[in-house]
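Written out below as structure tokens is the structure these notes cover.
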Amino acid sequence: MKNRVTKAIFPVAGLGTRFLPATKSVPKEIMTLVDRPLIQYAIDEARAAGIKEFIFVTSRGKSALEDYFDHSPELESALRKKGKTDLLATLKTTNMESGAIAYIRQHRALGLGHAVWCARRLIANEPFAVILPDDVIAAEKPCLQQMVEAHAETGGCMVAAMEVPQDKTSSYGILDVREDHGTIVSMNGMVEKPPAEEAPSNLAVIGRYILTPKVMQHLNKMDRGAGGEVQLTDAIATEIGSGRPVHGYRFRGQRFDCGSKAGFLQATVAFGLARDDLRDEFSQYLDELVSVRNAAQ
Ligand code: G1P
């Protein structure tokens with residue numbers, strides 16, 4: 001068994017401009033799918049994968065995130081007095097053990113690679129996970145857990161991967177596939193956001209990574225890539241051909257791009273329908289909506 005992965009970095013410094021005006025005063029990661037903030041989905045997935053230390057790379061205006069993970073004594077005692085044990089249990093899932101959570105500020109928006117690099121001192125010499133909370137993945141076995149299990153066999157670096165439409169390659173890191181074994185893919189390289197006609201495949205990086213500290217060393221160089229930003233994809237690509245393993249991992253599950261409005265709405269519907277307490281009422285509403293639309297056509 002290779003080195004265990006117990007630390008995860010959550011890059012949450014982005015401005016979330018696509019969701020303005022909502023994100024004017026609320027961090028994007030606090031926006032809710034049904035009744036849980038995006039960040040809670042990410043944390044739950046990390047916990048299921050055995051992560052014990054949670055490192056948030058934040059920026060100005062993100063203090064609501066810190067409050068979210070804090071205890072709320074007034075609220076808790078009010079709920080206790082009213083005997084609301086189920087809500088108390090729900091609140092508990094947001095609490096973090098003291099010392100398990102760290103916040104690092106990214107002072108300048110220099111890209112995802114730079115955001116990850118900001119956490120380098122907390123990573124020291126261990127493998128670590130990176131979770132992008134915008135990518136919400138519904139799966140029987142949480143995506144990062146699938147990856148941690150696969151990584152125990154492969155070691156090295158691993159990125160979650162999924163086929164995307166060819167005309168969407170310019171929104172993703174794209175794998176240049178060497179050997180495709182189905183779930184595990186080896187590569188010749190990786191390119192950040194290539195135009196469709198230059199993309200080496202349509203297999204895209206999705207926001208789950210397991211990385212080695214070597215990647216931090218590559219990031220140290222601060223090489224600028226696509227969009228003039230320091231790209232995590234480029235730093236991982238540098239590892240390919242080093243003799244150390246780098247793999248793509250085709251996860252089982254459905255990914256929602258909650259960085260886009262359409263993806264966020266799709267996730268809201270999917271997670272709403274997945275809930276026992278909402279399914280009947282919500283699906284009845286959707287059925288009615290569809291039949292009204294069909295009748296009108
Ligand atoms: C980031 C990464 C990209 C990856 C994507 C997945 O891009 O840079 O390689 O494919 O996340 O969601 P962003 O969406 O932050 O532009």
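Atoms within a ligand are numbered from 1 in the order they appear, just like the ligands themselves. Sequential numbering from 1 along the given sequence is applied to the chain's residues.
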- prompt: What do you reckon, are the aromatic ring centroids of Phe56 and Phe69 less than 6.0 Å apart?
  reply: yes
task: Run through Arg224, Arg108, Gln106, Glu229 and flag the one making a side-chain hydrogen bond (donor to acceptor under 3.5 Å, both in side chains) with His114.
output: Gln106
[atom]: the protein heavy-atom neighbour that sits closest, reported with distance to 0.1 Å:
atom: atom 11 (O) of ligand 1; answer: Leu132 CD1, 3.4 Å
atom: atom 10 (O) of ligand 1; answer: Val205 O, 2.6 Å
atom: atom 8 (O) of ligand 1; answer: Glu192 OE2, 2.7 Å

- prompt: Taking atom 7 (O) of ligand 1 as the point of reference, which of Lys193, Met190, Gln231 owns the nearest heavy atom?
  reply: Lys193
- prompt: Can you find an N or O of Gly207 that's nearer than 3.5 Å to an N or O of ligand 1?
  reply: no
Under 4.0 Å to a heavy atom of Asp135 - the qualifying atoms of ligand 1, by number: 6 (C), 12 (O)
task: Mark up the atoms of ligand 1 that fall under 4.0 Å of a heavy atom belonging to Thr233, in ascending order.
output: 9 (O)
message: Does Leu15 have more than 12 heavy atoms from other residues, nucleotides or ligands lying within 6.0 Å of its CG?
response: no
- prompt: Any idea which part of Arg255 is under 4.0 Å from ligand 1, heavy-atom wise: side chain, backbone, both or neither?
  reply: side chain
- request: Assess Glu229 for proximity to ligand 1: is some non-hydrogen atom of it under 4.0 Å away?
  value: no
field: Sub-4.0 Å heavy-atom approach of Leu112 to ligand 1
entry: yes
- prompt: Judged by modelled atom types alone, do Gln284 and Asp280 share a side-chain donor-acceptor pair under 3.5 Å?
  reply: no
message: Checking Glu179 against His181: is there a side-chain donor and acceptor pair closer than 3.5 Å?
response: yes
task: Locate the shortest heavy-atom distance separating Leu122 from Ala102; write the atom from each residue and the value.
output: CD1-CB, 3.8 Å
query: For the residue pair Gln146 and Lys141, what are the closest heavy atoms and their distance?
result: NE2-O, 2.7 Å
field: Single-linkage hydrophobic cluster, 4.5 Å side-chain cutoff, Met162 and Val148 together
entry: yes
- prompt: Is the closest protein non-hydrogen atom to atom 13 (P) of ligand 1 under 4.0 Å?
  reply: yes
